[in-house]
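One structure below.
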Amino acid sequence: KEQPQSHDEL
Amino acid sequence: MNLFRLLGDMTHLLSIVVLLLKIRTVKSCAGISLKTQELYVIVFLTRYLDLFTKYYSVYNTAMKLVFLGTSIGIVWYMRYHKVVKQTYSKDEDTFKHYFLILLSIILALLIHRAFDVIEVLWTFSLYLEAVAILPQLVLLQKSRNIDTLTGDYVFLLGAYRALYILNWVYRFLMENHKFRWIPWISGLVQTALYADFFYYYIKSWKNREKLKLPA
């Protein structure tokens, strides 16, 4: 669930 | 999105604009490492696979497409454009970049958060991006004449990484961002590689001299 925190970066 | 992240992305974008300006208007890629540029294509291809699996925002999707498109375009110009390819400093672009790919593959297989295709490739892209500038830095060191656009390009690339560190500090303190060792340590290594370049870039800028790196 918390994964996007760095995957949303470029 | 915080200010540091936005400034980081904009600096990254600007670095590409500067490089394209050199390639398209000056019609030259002298002093630019094709090896570094090819590594960036691999970085973006492996990192942005989630374009097909996950949606974040219009901004996120658009930026990913821009980075993919421009990096492929730059490599195309350097390899195939009949004028630009002749300006390529091939003899000085000697770094063994396959070694960096191999190293990143091994590291990503050993150290990752989850063992699935997207996660391992994403981790690989972080490791590879961290070291992708090395062929470029080696080429700069060999170049007798570093033109302004090339110097600015590398400076902007380094500034983008430094701003991303500030972005992580901000997210950690203000947005309850958890510890993320893999991107943070890769990012710190990546930024540290620019330290020497920053020093000489700022020095030449302060003294209004031409940029020159000691061999």
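Naming convention: chains lettered A, B, ... in sequence-line order (proteins, then strands); numbering from 1 in each chain.
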Which portion of B:Asn60 sits near chain A, non-hydrogen atoms under 4.5 angstrom | both
Would you call the rings of B:Trp184 and B:Trp181 parallel, tilted or perpendicular if under 30° counts as parallel and over 60° as perpendicular?
-> perpendicular
Could you tell me which of B:Met1, B:Arg5, B:Glu129 has the largest number of non-hydrogen atom pairs under 4.5 Å with chain A?
-> B:Arg5
With a 4.5 angstrom heavy-atom cut-off, could you sort out which part of B:Phe172 is near chain A: side chain, backbone, both or neither?
-> neither
Against chain A, label B:Trp168 side chain, backbone, both or neither, depending on which of its atoms sit under 4.5 Å from a heavy atom there.
-> side chain
Per salt bridge (Lys or Arg N to Asp or Glu O under 4.0 Å), A:Asp8 is matched among B:Lys64, B:Arg47, B:Arg171 by B:Arg171
Do B:Thr150 and B:Asp147 meet the criterion of a side-chain donor-acceptor pair at a distance under 3.5 Å?
-> yes
Which is it for B:Tyr194 and B:Phe155 under the ring-ring contact (aromatic ring centres under 6.0 Å, His included) test, yes or no, and what are the steps along the way?
-> CA-CA 8 Å; B:Tyr194 287 89; B:Phe155 176 75; 9.2 Å; no
